[in-house]
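Numbered from 1 within each chain, the chains take letters A, B, ... in sequence-line order.
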Amino acid sequence: MSHASDDLSRVRKARLEKLAALEERGVEPFAYSFDVTRHAAPSVAGFEEREAEGDADGDGWAGSGRWAGRMVGFRSHGKSAFADLEDHTGRVQIYFRRNVLGDDAYTLLDLLDLGDWIGVEGTLFRTRMGQVTVLAEDFRLLSKSLRPLPLGKVEEDAETGERVTHSGFADRESRYRRRYADLAVNPGVRQVFRARTRIVTAIRRFLDDLGFVEVETPALQPLYGGASARPFVTRHLALDRVLYLRIADELYLKRLIVGGMDRVYEIAKDFRNEGIDRFHNPEFTMLEFYQAFADYEDMMELVERLLAAVAEAAGGSRGCTFQGAEITFERPFARVSFVGGLREAMGGDPLEAPEEELRARAEGLGVGDLEGAGRGKLMEKLFGELVQPALVQPTFVVDYPKELSPLAKEKRGAPRLTERFELFVAGEELANAFSELNDPIAQRARFEDQAALRAAGDAEAQMVDEDYIRALEYGLPPTGGVGIGVDRLVMLLTDQSSIRDVILFPTLREEE
RNA sequence: GAGCCGGUAGCUCAGUUGGCAGAGCAACGGACUUUUAAUCCGUAGGUCCUGGGUUCGAUUCCCAGCCGGCUCACCA
């Protein structure tokens with residue numbers, strides 16, 4: 001009886017035999033260290049530079065060194081062979097010659113496989129075909145690969161320099177489940193995650209420079225709040241109590257403002273027990289920052305500056321291309337009021353329209369489940385259908401209805417609205433911010449409204465957080481706060497259409 | 001949760017109007033001292049996602065399930 005894994009085990013068997021042969025020859029197939037002095041891409045570039053200066057030959061200083069990486073290509077010609085070595089900077093070709101290495105070392109090549117980590121000592125030169133290459137004077141196996149990597153073949157167009165990968169590793173499910181293999185064979189994937197790191201670093205630098213203090217607040221919380229979402233529930237054994245994984249950082253960060261830490265931010269995982277699709281992963285990264293004495297107008301300006309800085313860090317310009325759309329982050333971003341935008345789309349004032357009319361219009365658009373939706377939810381649905389998709393360039397939507405925003409301050413001169421904005425880019429929500437509600441009595445009333453919704457069956461309505469009210473009673477200064485979905489920001493700036501392509505290990509169903 | 005599409009060799013894919021399962025790359029053996037998707041000769045490799053059903057016979061048709069992708073719903 002044959003099994004799918006038998007073929008793989010045949011490959012493994014062949015490699016295990018090589019492992020034994022290596023050990024028989026006294027070669028340690030899993031080394032402890034290697035003294036790396038050169039890297040692939042910069043050493044090739046450096047060689048070309050020196051060559052241009054007429055200075056490349058016979059010079060051990062510029063051309064020699066030790067490279068380490070994964071062997072991703074191998075072309076044997078009998079008494080000589082070419083290999084491609086890939087490290088984190090790129091690829092460099094290695095040339096092995098029997099008369100340089102000696103018979104003993106040269107025959108070791110027979111025991112190498114694609115995917116093996118090797119260290120090479122040698123000198124750069126240019127081949128007859130013009131390729132800058134390391135002539136190997138010595139090499140060591142650093143780690144044997146027992147399982148074949150799904151390496152594609154990379155073809156470089158001589159004229160355009162474009163790289164075409166043949167075959168390769170494309171199956172999305174396999175790539176997400178075996179991200180290590182995905183990263184090992186798909187350089188573009190590594191680039192996306194490097195960009196992600198640059199983006200997060202740029203966020204930190206921007207806020208640090210403005211005097212914001214990075215903090216860590218609890219991921220395990222006795223009550224969850226700060227957003228509308230269903231939580232993950234867990235249990236602490238020694239305390240014998242239920243704890244929730246946070247759905248937002250908001251209420252803890254504002255407690256810190258009460259404590260006098262007047263500019264704070266956190267970049268952290270939030271957890272929401274909701275569906276999974278290309279915009280949602282159950283654990284995702286959220287940036288939240290709060291600034292005392294600021295209102296949402298100040299925060300809009302801050303967000304404009306932040307995004308321009310971050311876009312520049314990610315791609316070198318104050319813009320990006322997302323799924324074919326050119327996006328620019330030049331200040332000031334467009335603004336539209338929630339009610340105004342909706343009024344224009346509906347041809348009537350949504351605040352004055354009877355609830356039945358809102359419901360009828362929403363139903364007319366075929367927007368799913370409207371069970372138990374109040375005026376706020378209905379308006380939001382309508383907005384999402386009628387206005388939001390057109391918001392391609394960065395646009396602040398401002399002044400949301402009060403019932404949608406239990407943590408935002410009432411708008412000056414418009415008691416049915418709040419001082420809240422959301423930023424939309426490419427039709428997707430990227431940021432959410434308010435002038436924070438700092439009146440403990442008003443906050444209690446809003447919580448109680450939420451509790452009523454909860455009692456009526458809204459699983460996502462917020463809980464009354466007595467300790468948070470207590471903190472507000474000590475005094476929260478006027479404060480502006482912003483939340484930005486980091487994964488979506490990375491998607492936008494790296495032109496990835498699925499959140500799974502910007503999360504290293506996305507949540508998947510159990511395998512098998 | 002719903003609809004559509006998909007799951008065949010390690011990888012990328014073809015194919016079977018129901019009759020012994022195909023290619024390229026990777027692997028294995030051989031030739032080759034400047035190749036680069038190296039080339040050339042040869043070899044081996046399969047629970048055709050799983051379980052039922054129909055049938056003389058199912059990888060193919062039917063049903064159920066699992067996993068994934070896309071769209072929708074949900075997610076302010």
Side-chain angles (χ1 to χ4, degrees), chain A residues 1-15 17-18 73-84 91 93-100 106 110 113-115 125-131 133 135 147-158 163-177 181 185 227-230 247 272-282 284 338 366-370 373-374 376-381 383-384 388 397 400-401 403-406 408 420 422 429 432 458-462 497-498 500 508-512:
Chain A
M1 259 295 142
S2 252
H3 217 265
S5 62
D6 279 0
D7 187 64
L8 181 57
S9 71
R10 271 193 304 277
V11 176
R12 290 187 72 236
K13 200 176 153 206
R15 294 195 176 192
E17 280 166 8
K18 290 180 183 177
F74 192 75
R75 297 172 290 283
S76 169
H77 294 260
K79 297 189 179 66
S80 75
F82 293 91
D84 298 315
R91 292 184 175 193
Q93 179 171 261
I94 312 291
Y95 186 40
F96 299 97
R97 290 177 64 120
R98 186 167 191 141
N99 64 347
V100 171
Y106 191 79
D110 293 337
D113 290 291
L114 294 186
F125 75 108
R126 195 178 277 277
T127 66
R128 196 182 292 162
M129 298 301 285
Q131 173 103 11
T133 297
L135 176 64
R147 190 179 282 265
L149 273 177
L151 283 162
K153 293 233 165 181
V154 178
E155 180 184 22
E156 202 162 325
D157 191 304
R163 286 189 153 193
V164 187
T165 302
H166 301 267
S167 299
F169 189 39
D171 181 70
R172 293 173 87 92
E173 179 178 359
S174 305
R175 287 180 44 225
Y176 296 144
R177 290 196 192 280
V185 304
S228 301
R230 286 183 295 171
I247 59 171
R272 296 188 185 175
N273 211 335
E274 313 277 1
I276 297 176
D277 64 26
R278 68 196 181 91
F279 290 105
H280 298 87
N281 196 63
F284 61 100
F338 180 89
V367 287
D369 182 17
L370 296 171
K377 269 230 157 111
L378 291 169
M379 280 189 275
E380 188 162 55
K381 288 271 186 198
F383 190 88
Q388 187 178 326
V397 175
Y400 281 68
E403 54 265 50
L404 289 175
S405 317
R420 170 182 176 190
E422 291 195 339
E429 179 194 340
N432 180 25
D458 183 346
E460 290 169 354
Q462 302 202 23
S497 62
S498 171
R500 289 180 163 178
L508 299 171
R509 280 177 210 277
E510 199 173 357
E511 196 172 1
E512 299 293 18

Distance between the P atoms of U50(B) and A23(B), in whole angstroms?
22 Å
Determine the Euclidean distance between corresponding C1' atoms of C70(B) and U59(B); express it in Å to zero decimal places.
26 Å
pair_partner(G68(B)), Watson-Crick or wobble, both distances < 3.5 Å, evaluates to C5(B)
Separation between the C1' atoms of C20(B) and G24(B), rounded to whole Å
23 Å
Considering only the P atoms, how many Å lie between G3(B) and A44(B), rounded to the nearest integer?
47 Å
Excluding sequence neighbours, so at least two apart, what forms side chain to side chain contact (heavy atoms under 4.5 Å, CB included) with Ala461(A)?
Gln450(A), Leu453(A), Arg454(A), Asp458(A)
Leu114(A) or Ser228(A), whichever maps to the more 5' nucleotide of RNA chain B
Leu114(A)
How far, in whole Å, is A9(B) from G22(B) if one measures between their P atoms?
14 Å
Could I get the full list of side chain to side chain contact (heavy atoms under 4.5 Å, CB included) partners for Asn281(A), not counting sequence neighbours?
Glu283(A), Ile499(A), Ile503(A), Pro506(A), Thr507(A)
C1' atoms of A2(B) and A76(B), separation to the nearest Å
23 Å
With heavy-atom distances below 4.5 Å as the criterion, would you say the side chains of Leu508(A) and Arg177(A) are in contact?
yes
When the distance from CG of Leu149(A) to P of A27(B) is rounded to whole Å, what number comes out?
12 Å
Taking the side chain as C-beta and beyond, is there a heavy-atom pair between Thr133(A) and Arg126(A) under 4.5 Å?
no
Please state whether the phosphate of U71(B), meaning OP1 or OP2, lies under 4.0 angstrom from any side-chain nitrogen or oxygen of Arg278(A).
yes
Restricting both atoms to N or O, compile the protein contacts to nucleotides 3-8 of chain B shorter than 3.5 Å, with distance only.
none

Once rounded to the nearest 0.5 Å, what's the spacing between atom CZ of Arg272(A) and atom CZ of Arg230(A)?
13.0 Å
Distance, P atom - from A14(B) to U8(B), rounded to whole angstrom:
10 Å
Pairwise side-chain contact, Arg98(A) with Ser80(A), heavy-atom cut-off 4.5 Å (strictly under):
no
Output the rounded distance in Å from CZ (Arg175(A)) to C1' (C67(B)).
17 Å
Rounded to whole Å, please give me the gap between CD1 in Ile276(A) and P in C72(B).
17 Å
Angle class for the Phe383(A)/Tyr400(A) ring planes (parallel below 30°, perpendicular above 60°, tilted otherwise)?
tilted
Whole-Å distance, Arg172(A) CZ to C11(B) C1', equals 17 Å
For Glu422(A), answer base if it contacts any base atom (sugar-phosphate contacts may also be present), sugar-phosphate if it contacts only those atoms, and nothing otherwise; contact means non-hydrogen atoms under 4.0 Å.
sugar-phosphate
Protein-nucleotide distance (Asp113(A), atom CG; A26(B), atom P), rounded to Å:
13 Å
With the side chain defined as heavy atoms from C-beta on, Lys381(A) is closest, among A73(B), U12(B), A27(B), to A73(B)
Produce a footprint string for nucleotides 29-37 of chain B: one letter per nucleotide, 5' end first; B if the base is under 4.0 Å from any protein heavy atom, S if only the sugar-phosphate is, - if neither.
---BBBBBB
Looking for any heavy atom pair under 4.0 Å, which part of the strands does Gln462(A) touch: base, sugar-phosphate only, or nothing?
base
Euclidean distance, atom CZ of residue Phe279(A) to atom C1' of A73(B) [Å, nearest integer]
15 Å
Tell me the partner of G24(B), counting only Watson-Crick (N1-N3 plus N6-O4 or O6-N4) or G-U wobble (N1-O2 and O6-N3) with both under 3.5 Å; none if nothing fits.
C11(B)
Check whether any side-chain heavy atom of Met379(A) sits under 4.5 Å from a side-chain heavy atom of Glu403(A), and report yes or no.
yes
Rounded to whole Å, CZ of Phe74(A) lies from P of C25(B) at a distance of 17 Å
Gap between atoms NZ and C1', on Lys13(A) and G10(B) respectively (whole Å)
17 Å
Hits for side chain to side chain donor-acceptor pair (under 3.5 Å) against Arg172(A), two or more places apart or cross-chain, chain-then-number order -> Tyr176(A), Asp501(A)
Take atom C1' in C72(B) and the same atom in A26(B), then report the distance between them in whole Å.
40 Å
Both distances below 3.5 Å, Watson-Crick or wobble geometry, any strand: find the nucleotide opposite C48(B).
none
Check this for me: does any side-chain nitrogen of one of Arg420(A) and Glu422(A) sit under 4.0 Å from a carboxylate oxygen of the other?
yes
C74(B) base / Asp277(A) side chain donor-acceptor hit below 3.5 Å:
yes
Pair assignment for G19(B), Watson-Crick or G-U wobble, requiring both distances under 3.5 Å:
C56(B)
Think Arg509(A) has a side-chain N or O under 4.0 angstrom from the OP1 or OP2 of G68(B)?
yes
Using a 4.0 Å heavy-atom cut-off across all strands, classify Ala81(A) as base, sugar-phosphate, or nothing.
nothing
Is Lys18(A) salt-bridged to Asp110(A), going by a charged N under 4.0 Å from an acidic O?
no
Listed by chain and number, what are the ring-ring contact (aromatic ring centres under 6.0 Å, His included) partners of Phe82(A), not counting sequence neighbours?
His77(A), Tyr95(A)
